[in-house]
Amino acid sequence: MGTIELLMQGFAVALSPESIMFALIGAILGTLIGALPGLGPANGVAILIPLAFSLGLSPTSSLILLTSVYAGAMYGGRISSILLNIPGDEPAMMTCLDGYPMAVKGKAAEALATSAIASFIGSFIATIGLVILAPILAKFALKFGPAEYFALFALAFATLGGITGKNQFKTLIAAALGLMIATVGIDISSGVQRFTYNSLHLFEGIDFLIAIVGLFAISELFFFLEQHAGDGLKQVALNKLKLTAKDILFVLPASLRGALLGFVSGVLPGAGASLGSFVSYTLEKKVSDTGEFGKGDPRGVAAPEAGNNGAASGALVPMLTLGVPGSGTTAVLLAMLISLNVNPGPMLFQQSPDLVWGVIAALFVGNLVLLLLNIPMVGVFVKLLSIPPKYLMPIVTLIASVGIFSITGSAIDLYFMVGFGIMGYVLRKVEIPLVPVILGMLLGPEMEKNLRHALVLSDGDWTVLWSSGLSIGLWVVALAGLILPMVFGKVLRSKMKRSKDSSAA
């Protein structure tokens, strides 16, 4: 069956009343979460995963809900960037450069509408790229054996920090910590207990959903308690929208260029939405700078928004086809799928076509829903920023705690969740990223299984790990992903900082 026919079947799933309802709920919740400075899409998805499980949703409905939250949070991140000059997450940082100056000039509504349209274009084009590229990559990945999969997982860990990562060494420490946690439990090959200390609660290992909610949601609570006062945030007033068709056509080329660059950044291992946003803004500034960039040029809003939303959809390509997440949020989505006994990878397109194509079709529907919501209802989302965090964070914590308890029914798991929250807080304080910890827990068991399988097939010969041209290619890319950020990452980060500082000045 061809791609078009499969996509049409996907739309039959995505356009069902139930799927539209979950896409709408996810879009609204995601936008609200994205509007809050510091939460971001990864936290939003992590907070709502327990809710999806406690409601007993099917894998398709769960993924539609959470991918809509993902997309909505990417949209919502621009609200605080434009009105407060505080990025909702790192990819939204470049939006501050021209978005906030537009708001200061009394064009906050125009800036928000421009970013919503650019976000839609970026996500829509990237989803088309997902439709085209994902089946091709899935077929190619069928050639992978255990040695190639081990090299692929090594590549995932090597590129975790990305080109904009601050410290590759800290990223590797976090990945090693995640791999260590993944070894807790009974070894499925030998039946030997590993780091269980004769505790029945550790025989099956540590549930990564508990770790995810603790590391992301609970640690965020601690940061709110430390950094935020009880008052709401002061913001620029929202004016009446006066956006014309001419204004939209003016930013259309910037949106298209940003969408393409963002999609490529999302697909590439270790690149991500931050790089997509920065490259899109930088290119647009060189292509069309009239001296207004950094002073409130709408193209300076459209380009990075299209770039970071394009990268968000592009990051789904390696997750669905290879089982390797392309971003922190897709790592959280990967955990949710594994918990539902759905294994992303090349066989997913053959074994669960309704799920894959239903979710891809739901991305088209969800982005249209987001566009229709974000322009007329932006005033509602903006009011969320005036609510004191002391009222919001207890609600977030309650949702996370009730969700985890409803999944496991164990009070001990709540203690584990709090323990991971404390660990996440400490790691963030010393600037050790959390996503590699989660990825180590997720990919560790599969990495170990493929290593053992490869060694069994080769009668213990370690050279099997680099015996094929494909595995050698993966190792080369992994080494490049580990070394290049050390060489170019510092330069790129300094350029991003200079761009923001020059705009602020």
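Numbering of residues begins at 1 and proceeds along the displayed sequence. Worth knowing before you read on, the calculation uses all heavy atoms, side chains too, and leaves out hydrogens, waters and symmetry mates.
- Comment: Arg452 does not engage Glu446 in a salt bridge, judged by the lack of any side-chain N to carboxylate O separation of less than 4.0 angstrom.
- Ser468 places a side-chain N or O within 3.5 Å of a backbone atom of Ser471 that can act as its donor or acceptor partner.
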Show the numbers, then the answer: is there a side-chain contact (heavy atoms from CB on, under 4.5 Å) between Leu65 and Ile25? CA-CA 7 Å; Leu65 172 67; Ile25 293 171; 4.2 Å; yes
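- Atom CG of Leu479 and atom CG of Leu474 lie 11.0 Å apart (nearest 0.5 Å).
- If you run side-chain contact (heavy atoms from CB on, under 4.5 Å) between Val45 and each of Val332, Thr67, Thr330, only Val332 comes through.
- Taking every heavy atom of both residues into account, Ile64 and Gly358 meet most closely at CD1-O, 4.4 Å.
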Take Thr196 and Ser199 through the side chain to side chain donor-acceptor pair (under 3.5 Å) test and state the conclusion after the steps. CA-CA 6 Å; Thr196 61; Ser199 172; over 6 Å; no
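- A 4.5 Å side-chain heavy-atom check between Glu431 and Lys170 finds at least one atom pair inside the cut-off.
- Using bins of under 30°, 30° to 60° and over 60° for the plane-to-plane angle, the ring pair Phe140/Phe144 lands in the perpendicular bin.
- When all heavy atoms are compared, the tightest approach of Ile432 to Ala174 is CG2-CB, 3.6 Å.
- In this structure the side chain of Leu316 reaches within 4.5 angstrom of the side chain of Leu363, judged on heavy atoms.
- Checked options Val342, Leu57, Leu337, Val356; the residue passing with Leu63 is Leu337 (criterion: side-chain contact (heavy atoms from CB on, under 4.5 Å)).
- Going from atom CG of Leu155 over to atom CG of Leu322 covers 9.5 Å, rounded to the nearest 0.5 Å.
- Gln350 places no side-chain N or O within donor-acceptor distance of the main-chain N or O of Met347, the cut-off being under 3.5 Å.
- Closest approach of Ala27 to Leu370, counting heavy atoms only: CB-CD2, 3.5 Å.
- Across every non-hydrogen atom of Ile438 and Ala211, the tightest pair is CD1-C, 4.2 Å.
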Could you go through Asn309 and Phe124, starting from their C-alpha distance and side-chain angles, then the distance that decides it, and tell me whether this counts as side-chain contact (heavy atoms from CB on, under 4.5 Å)? CA-CA 9 Å; Asn309 282 273; Phe124 191 84; over 6 Å; no
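- Inter-residue side-chain proximity for Gln9 and Pro353 is flagged as unmet; no heavy-atom pair is nearer than 4.5 Å.
- Residues Leu434 and Ser219 approach most closely at CD1-OG, 4.2 Å, considering heavy atoms.
- Checking Ser16 against Ser19 by side-chain atom types alone, a donor-acceptor pair falls below 3.5 Å.
- Summarising the geometry, atom CG belonging to Leu451 is positioned 16.0 Å from atom OH belonging to Tyr149; distances are rounded to the nearest 0.5 Å.
- Side-chain atoms of Thr95 and Tyr281, non-hydrogen and from C-beta on, never get closer than 4.5 Å to each other.
- Between Glu204 and Ile186, the closest side-chain pair of non-hydrogen atoms is not below 4.5 Å.
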Working note: Phe195 + Thr183, criterion side-chain contact (heavy atoms from CB on, under 4.5 Å); need CA distance, chi angles, decisive distance, verdict. CA-CA 8 Å; Phe195 309 109; Thr183 61; 3.5 Å; yes
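- Looking at heavy atoms from C-beta onward, Leu215 lies in side-chain contact with Met423 at the 4.5 angstrom threshold.
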Apply side-chain contact (heavy atoms from CB on, under 4.5 Å) to the pair Asn198 and Gln193, showing each step before the final yes or no. CA-CA 8 Å; Asn198 291 321; Gln193 296 181 33; 3.5 Å; yes
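- Looking at Trp357, its side chain never comes within 3.5 Å of a backbone N or O of Phe11 through a donor-acceptor pair.
- The side-chain heavy atoms of Tyr75 and Asn367, taken from C-beta on, include a pair separated by under 4.5 Å.
- Side-chain contact between Val213 and Phe420 is absent, with no heavy atoms from C-beta onward closer than 4.5 Å.
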